[in-house]
Structure formats: C-alpha cells, structure tokens
Amino acid sequence: MKLNENYANLKESYLFAEVAQRASAYAERHPNAEIIKLGIGDVTLPICTAAVEAGKRAAEEMGRADSFRGYGPYEGYGFLREKIVDYYARRSVRLDLSEVFVSEGAKSDVSGILDLFDNSAEVLVPDPVYPVYVDSNVMDGRRISYVGGNEKNGFLPLPDKDTKADIIYLCSPNNPTGAAYDRDGLKAWVDKANELGAVILFDAAYEFFISDEKLPHSIYEIDGAEKCAVEICSLSKTAGFTGVRLGYMIIPKAIEGGKLNLMWLRRQSTKYNGASYIIQRMAEAVFTDEGMRQIKANVNVYKKNAALMSDTLKELGIPHTGGVNSPYIWLKCPGGDSWAFFDRLLNEAQIVGTPGAGFGENGEGYFRLTAFNTYENTSKAMQRLKNLKI
Ligand code: PLP
C-alpha cells in the first residue's frame, strides 16, 4: 500500500487530552473538589421541544408503509432548504434554492469542500482559529499561510497589499476568540478575494450568538460576496444539534459561473447519500417561529453566562475578546504562559478552561473559557476567579 504521507505532517493534538488528563489527576488527588468545566465547546441544554416533536412524527412516518421514505435528495429535502432560504431572506439575503446544500454538520463541509480545489491552491488561515481548517489542508498537502489575530487588531486580522491566497478561511464570530467582524472588516476580505480571484470559506457556525445588531450574520450581507464566498453553517451550537447532526452550506451560482455549485452537487452525489429524513424534519421545526423562539431561549442562557464572564473580566481588568456575540471568552493570561494559567485556575479555583496554544501560534498567552455550563456554575466560577485576586 502507498499511504498518504501528508498525514505525517499533522501536528499531534495533545491539547484536549492533556486538559482532560490534568483535570482528572487533580480530581483523583482532591476527591471532594467541585471542579467547574468551562473548557468544552459542546452544548449542554436539551433539544427544543418543537424539534423533538417533529422528530417523533418523522420517525412514526418512517414506520408506516404509506409514508416511509428511502434515500433522500443529495442536496437535502426541499422543505428544509426552503426554510433556510426564508431564514436568509429575513436579513435581505436572497438565495436560490439550488444554492443551499444540507449536510450532517459544518465540520464535514469545511473539509469536504476542499475536494473541489486543486492541491496546489494556496490557503490562508487566520491564527488563532478552529484547527480543522489547517489539518484538513495538511492532509491534502496544500501550502498554508497565516494571517495573525492579536490584541492590536482585536483578533480580527485584515488583508493587506501583500495578501495572496486561493482559498481564504474566515470564522465569524470566531472560535476560539469570540471576535466578530463588522461590515467593513468583511468587505475588506470580500474585496480582496474578488481582486485575487480567491474563494472565501466563511464559517458562520456561531452567527446565532450575535447580539450587536450592526454586525453581519452572513457574509452575503456584504456586496460582492456572492461572487467569491461559500458560507457554512450548522445547527450544532444554535439549536443544540451537536449529537443530532445537521449543517448547511451555501454555494452561490455567481461563483465561477455556477461551476462550483455544480461540482459540489456532483461531489455530494458521489460521496454522500443525504442527511437523515428524521433529522431534516427536526431541523425544519427549528426554523419555524415556535422553534426559533425556543432555541433563542436556550441560546440566551449561554449568552447570559458569556456576559457574566465578560463583566467579571472587565471588573478584574483582564483584557479579553468575545462574550458579547459569542459563547467564547478569550482572555489574556495574567502571567503570560497559558499552561501555567491553566494549572493555577485548576489548582487554586478548580476551574477548567482551554489554553490558547492549541488554536495556533498566536494563541499562546491566551485562554478560552466557554459559556456552555449552567448559570449557577458559571457564577460560582466567576466568584472563585475574583477571590484569586489576579
Ligand atoms: N466550525 C466551527 C468554527 C466550530 O467551532 C465547530 C465546532 O465546534 C464546527 C464548525 C463544527 O460544527 P458541526 O458540529 O456542525 O460539525
């Protein structure tokens, strides 16, 4: 056999294993300690009832001969894609039904879309960012360059005259920094991509957390984005679907005269047999008025946690981004070293977070906290942080 040697170029990801190992070693040494986990990027609240009821009805349909369904359309059922088109229309973004592709999640879309690009394409990735963008390109052997997010640019790097790329990843609101681009920031990227003839892969997985009404939720709110941007979104964090699995990708027909859109349909019809009917019905229910009301209530719980964390850090004078438009808080480690700060939080406050170094070189010296725990635990953790006197 001839193995894909590019895999040897992947960096081992020790981050979450190391976090779990240090936390469990501490718990073993201190069996009565009440450890509060603010490290995981997974939701904790249950699926909203509108989606649960829709799932039950769909499962019943599958159990009756007159309503059973087998393989569905590769691009997703029309009933769900229409709801997604309507969802975008609320922000005055007009999409054609054929531009919407349903999938089982954003992770497989942000990596799967790479099938459509040559391995010689040059990739530009913000640093720090969701590590899947880097690893999936390393697996294909593509050349990657980085654009640095830092305290000075608010972790929202912009292109400059030397920026060169064929594929540009953007994630807004960002995981892990929680920073979200405004219209001018996204416009700078859209203009640069159109100038270079590059594609933007825009990951909007956290758009539902945006509170600031001036911020764009979709890159298509920016003129010219329909010619260069693919948008990827997910119900994972929006509707608690991390274990249910449902995402969607928008590929405008204005990109390369419709070629990219057709290539993706061709790719999906070869490598994918569609998301589950039952889950697409659950997702359809999320997009109803009642479903939206219910998921907003859940997301507001996380947003309240995030606001509390941000307020606490402000009080303590610790610089940070995120918290307002995102479930993530990205803070500057007092003392500088992110693993030393991890140990201090664990040993002295029994709080588990994530050292920033795992999200890219620019992440060193920073730390990610997430808003997915309960309000009670988040408040307790923030009180402990205040008691630490950092
Ligand atoms: N994109 C970003 C930025 C994420 O943070 C995540 C998950 O944490 C994903 C995509 C994956 O989403 P999904 O659960 O839909 O695969």
Side-chain angles (χ1 to χ4, degrees), residues 13 15-16 19 37-45 47 51 76 80 84 100-114 125-137 149 155-157 167-181 186 200-210 217-219 229-250 268 272 274-276 279-280 282-283 286-287 295 298-299 302 306 321-323 325-330 353-354 356 358-360 363 368-373:
S13 176
L15 179 79
F16 287 100
V19 164
K37 293 187 174 163
L38 302 179
I40 48 156
D42 198 355
V43 290
T44 49
L45 291 170
I47 304 295
L80 175 57
I84 295 168
V100 180
F101 295 87
V102 170
S103 71
E104 90 297 340
K107 193 190 241 184
S108 32
D109 281 346
V110 291
S111 50
I113 187 81
L114 294 172
V125 181
D127 173 9
V129 87
Y130 183 53
V132 171
Y133 311 151
V134 172
D135 287 355
S136 47
N137 278 290
F155 289 95
L156 293 167
I167 300 171
I168 300 166
Y169 282 88
L170 293 177
C171 178
S172 179
N174 182 282
N175 176 15
T177 70
Y181 281 105
L186 283 190
I200 293 176
L201 302 180
F202 186 73
D203 188 337
Y206 298 97
E207 62 83 17
F208 206 74
F209 287 80
I210 292 176
H217 287 239
S218 162
I219 198 162
V230 168
E231 183 160 298
I232 296 125
C233 204
S234 163
L235 293 191
S236 279
K237 308 299 159 79
T238 304
F241 271 41
T242 51
V244 176
R245 311 303 305 142
L246 198 287
Y248 49 94
M249 181 150 69
I250 313 298
Q268 289 296 76
Y272 186 62
S276 148
I279 289 165
Q280 291 193 62
M282 292 174 76
V286 166
F287 286 103
I295 63 164
N298 280 1
V299 164
Y302 302 137
T321 50
N325 300 300
S326 151
Y328 298 118
I329 307 276
W330 180 251
T354 312
F359 300 99
R368 191 189 77 172
L369 295 176
T370 77
F372 294 121
N373 211 312

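In each ligand, atom 1 is the first atom listed, and ligand 1 is the first ligand listed. Just so it is clear, the structure is predicted and the values come from calculations on it, not from any experiment.
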Determine whether any heavy atom of [X] lies closer than 4.0 Å to an atom of ligand 1.
X	result
E104	no
G247	no
F241	no

Among protein heavy atoms, which lies nearest [atom], and at what distance?
atom	value
atom 8 (O) of ligand 1	K237 NZ, 2.8 Å
atom 9 (C) of ligand 1	Y130 OH, 3.2 Å
atom 5 (O) of ligand 1	Y206 OH, 2.6 Å
atom 2 (C) of ligand 1	D203 OD2, 3.4 Å
atom 14 (O) of ligand 1	S236 OG, 2.6 Å

Next on the checklist: Tell me whether the rings of Y133 and Y130 are parallel (<30°), tilted (30 to 60°) or perpendicular (>60°).
Outcome noted: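 Ring orientation of Y133 relative to Y130: perpendicular.
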Checklist entry - Would you call the rings of W330 and F155 parallel, tilted or perpendicular if under 30° counts as parallel and over 60° as perpendicular? => result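 The arrangement is perpendicular - the two ring planes meet at more than 60°.
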Next on the checklist: List ligand 1 atoms under 4.0 Å from R245, heavy atoms only on the residue side.
Outcome noted: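 Heavy-atom distances to R245 below 4.0 Å select 13 (P), 14 (O), 15 (O), 16 (O).
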Checklist entry - Taking only heavy atoms of G105, which atoms of ligand 1 are found under 4.0 Å from at least one of them? => result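 Every atom of ligand 1 under 4.0 Å from some heavy atom of G105: 15 (O), 16 (O).
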Item to check | Under 3.5 Å: N/O of Y328 near N/O of ligand 1 | outcome: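 N/O-N/O distance below 3.5 Å does not exist for this pair.
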Next on the checklist: When you compare ligand 1 with Y133, is there at least one nitrogen or oxygen pair between them that comes in under 3.5 angstrom?
Outcome noted: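 Not met; the criterion fails.
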Check: [X] side chain, [Y] main-chain N or O, donor-acceptor pair, under 3.5 Å:
X	Y	value
Y206	C171	no
N174	A179	no
Y248	E231	no
R368	G39	yes
E207	S218	no
S103	D109	no

Next on the checklist: I need the I200 CD1 to I219 CD1 distance, nearest 0.5 Å.
Outcome noted: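 CD1 of I219 is found 4.0 Å from CD1 of I200.
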Checklist entry - Heavy atom under 4.0 Å from ligand 1: found in A106's side chain, backbone, both, or neither? => result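 Within the 4.0 Å criterion, A106 contacts ligand 1 through backbone and side-chain atoms alike.
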Item to check | Pick from C171, S234, P176, A204: the one approaching atom 15 (O) of ligand 1 most closely through a non-hydrogen atom | outcome: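 Residue with the shortest heavy-atom distance to the ligand atom: S234.
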